[in-house]
Every structure is written in structure tokens, then in C-alpha cells.
Protein chains: 2
Amino acid sequence: MNEIALQLRKFAKENHRLPSYSELAKMFGFASKNAAFKLVNKLVDAGILEKDHKGKLKLKGLGLPMVGYVQAGFPSPAEEELVDTLSLDDYLIQRPESSFLLKVTGDSMIDAGVMEGDIVIVEKGGNPKNNDIVLAQVDKKWTLKYFYKNGKIVKLIAANKNYPEIFPKEELTIGGIVTAVIRRYR
Amino acid sequence: MNEIALQLRKFAKENHRLPSYSELAKMFGFASKNAAFKLVNKLVDAGILEKDHKGKLKLKGLGLPMVGYVQAGFPSPAEEELVDTLSLDDYLIQRPESSFLLKVTGDSMIDAGVMEGDIVIVEKGGNPKNNDIVLAQVDKKWTLKYFYKNGKIVKLIAANKNYPEIFPKEELTIGGIVTAVIRRYR
DNA sequence: AATATAGGTGAACGAACGTTCACTTGTCAA
DNA sequence: TTGACAAGTGAACGTTCGTTCACCTATATT
């Protein structure tokens, strides 16, 4: 049952869509697409699949279990918002039309867990709040910094003891607010 | 032109598929689906869209620009593998069938940039190499640690000076290898 | 003034779509 | 042994699919 879902996800990964019933029949070795039809209906009942108002198929969920804290025996599933979010894209990128990806260079935010080589998602045009990580232009150089504002005074602080606090003089340019960090190993 | 791509991505986000030509005509206010057909062909020529062998539409790329290091003027696009990777799912999850998500508790890997509340993607069943971050069971408790092996001696090290090195006695259970970290702000 | 061109309409095509129905199995419980 | 049932076949249905064609404007170019 889960085997089937895996194959569907693989198909979706390659084709950006789910197969039709005739394609399903072919990939499962059925001679009749009605066999695929019945199989699909069972998956729908099991809550793995959904159907459009047009009958088009739609996968539910990301496919990965989300475990909360890991207990003595084995990981225990944790109910989370992410579980029924279908894709990490949707989870990480709220406003795709005004976001971009930035590969991190430098260690200015290392104590905030943002390391060199990480990819951050930056959202343009918002109003940064205190404690937000912003992409800011300081002395004609772009860097990541914590943003603080007290009255009219703006302060940019690196998450690294070796960097000084910065009080920009007028010419502060905010490139955007960091809304997410992703890092891949190997 | 890019406006259209945005609407397509929005549709794809909601429906997990791209619209048909009649749906396209409706969403753009065309009376004839042939108008949509011609529009789509221009997008294909522009490299924004692709077509199946069946004529089904397929979006190219993630939709977000990836900028390398940010220069004086404004971000400069950087060619990266991610750009033509269509989704962060594919980028972050290589083996969905043997991976799960884990919400990080504790600060044992804080110096590795893995903070409490982050979500890590854990891949089960692989053979950890030196320097990998593993989910390991130590004294019946699951924690994240750096993995080191020298001959027969396995060492687990936290990325946190306050934690001691651990030399497990036989009963070392590896839950999996951390392959990615994601963190969302706000 | 004549003409090419881009962008839209509307009808038509064969093919593929999702769905339904009647029928044939094999398997397991009563 | 019988009956129920799950699982697959094969044909058929109306609808929608992607695509093509002929035609109609406007707008811009020659």
C-alpha cells in the first residue's frame, strides 16, 4: 500500500503530475485501467490520495513522517503543521514572488546557526522587526545581521562576537528579511 | 510574461498540477482555448514552460532566483545546481522512502548550526562516515552527535563544549544520518 | 495606401480522460 | 460446499484533452 504511494511520488517527482489511469495500469502491470481505478479508490479511502473535482489525482502530505521528540523505543509521530503541508517549498517559501535564495558567505551569523555555505531564503520589501535577520548593505558590502530598532536608532548586530555593532548613518539599505535557512550535508 | 508564470505557480501550488488549456483560457479571460494554446507556446519558447510527450505542461525551475554573493549594486544571479532543481523537496530529500523529519530538541549540536526547534532530515540505514551528524541512542536517550570512528572505536561528539565526548559501550544504536537542516523564522 | 504581423475567436479533429457496467476469476469464511 | 467478496478483465459512455485550421481584427511597418 505504501509501496504504491512511493511509486506515485516517484512519478510525480519526474513528471510534476500524477499518472492517468491508463498510465497507472501500465506501471502496475494491469491489463485494464479499471483495475487502476479501483486501486486508486482504495488509496483515496485510505487517505493517501485525493481527487480533483475533475477526477485528477492529488497526493496528500509530504510523504515523510514527522517525529517529535525521539523516545526510548522508537520515534513517535508528532502531529505538526508540516505533516499536512505537502511540500517543503510551501513550508519554507511564503511569498515566492518577492523572495530569492542566497548562498551564505562569511561567518557573521554563525551564532545564530547560519553558517557559510547555507542557503537562506530572503524576502524583499518587508518591514524588519527587532531580532529579524536582515540582508543589509553596510559600507557598500552586503551582510547578514540582526536588526534592532529603538526609536529612530537602528542597530545591526552580527551573531559573532568578533564583529562590532553597527549603527548605520542614514545610508542603510535593507535587501530583505531572512525567512528561512536550509543546509544540505554531503 | 513573468506575471503569467506566477499565476501558473499559484495554480500548481493549489492543485498540484498545471491547468489545462480550457482552464487557462478561463483564468486569463480568453474566450477561446486556442488563445491559451498560443500563449503557452510562447512561454515554452521563452524556456519558462515545458511540454510532456502528451502535451501536458510542466514548469521549469523553482521560480526563485538564486543569487551568489551579493555585490555592490544588487544581487547577481549565480548559476547553481539548485536553479534547475524544481523543488526544495528534491534538493533536500534524496531518499524519501527511508527518511523522516525530526524536530530538534536540546542544544547538543548548536556549534554545528543545528539549533533547538530546527527540523532535520534523517536518513535511516546508511553507514555513517566520520564527521557525519547522526541520530544516536546514548543511555536510552536519543540525541544528535558528530560521529567518529577510528578502527573499532566509535566516538560521539556533541557540537557543544558543555557536553562530554561519548564512547559508547557496544549498545550503540544509530537512528540515522542527518542529511539536511531547515529552519523557518516567524 | 498597402501589408505584414501579433493576438484573439470559434469550430473541428482524433485521442485520451475518468467513470461505469457486466463478467470472470481466485480466496477465505461460514 | 456454499456464498461472499476482493481483484482483475474488457468494453462502453460522455467529456475533456491537446492541437489544428480558417477567420477576424487591431496595430505597426513599409
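We name chains A, B, ... by the order of the sequence lines, and we start the count at 1 in each one.
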### Message
Check for me, please, whether B:Met115 and B:Ile182 land in the same ILVMFWY cluster - side-chain distances under 4.5 Å, paths through other members count.
### Response
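Cluster IDs for B:Met115 and B:Ile182 differ.
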### Query
Hey, does B:Val138 have a side-chain heavy atom less than 4.5 Å from the side chain of B:Leu156?
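When only atoms from C-beta onward are counted, B:Val138 and B:Leu156 do touch, with a gap below 4.5 Å.
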### Task
Report the C-alpha distance between A:Asn41 and A:Lys51 in whole Å, list the side-chain angles of each, state the deciding distance to 0.1 Å, and finish with yes or no for side chain to side chain contact (heavy atoms under 4.5 Å, CB included).
CA-CA 9 Å; A:Asn41 283 339; A:Lys51 285 197 197 184; 2.9 Å; yes
### Task
Answer yes when B:Lys161 and B:Asp111 have at least one side-chain N-carboxylate O distance shorter than 4.0 Å, and no when they do not.
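Counted as a salt bridge, because a side-chain N and a carboxylate O are separated by less than 4.0 Å.
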### Task
For B:Ala31 and for A:Lys38, locate the closest nucleotide of DNA chain C by heavy-atom distance; then report the residue assigned to the nucleotide nearer the 5' terminus.
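Closer to the 5' end of DNA chain C: B:Ala31.
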### Query
Nearest-Å distance, CZ (A:Phe30) to C1' (D:dA6)?
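Interatomic distance, CZ of A:Phe30 to C1' of D:dA6: 12 Å.
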### Message
Could you tell me how far apart B:Leu24 (CG) and C:dG8 (C1') are, to the nearest whole angstrom?
### Response
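About 15 Å, once rounded to whole Å.
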### Query
Would you say B:Lys26 has more than 12 foreign heavy atoms packed within less than 6.0 Å of its NZ?
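Incorrect, the count does not exceed 12.
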### Message
Ignoring hydrogens and geometry beyond distance, is the side chain of A:Ser32 in donor-acceptor contact with the base of D:dG10 at under 3.5 Å?
### Response
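Such a pair is found, so the answer is yes.
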### Message
I'd like to compare against my own output: the B/S/- annotation of nucleotides 14-19 of chain D with a strict under-4.0 Å heavy-atom distance to protein.
### Response
---BBB
### Query
Would you say the side chains of A:Tyr146 and A:Asp132 form a donor-acceptor pair under 3.5 Å?
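No, no side-chain donor-acceptor pair sits under 3.5 Å.
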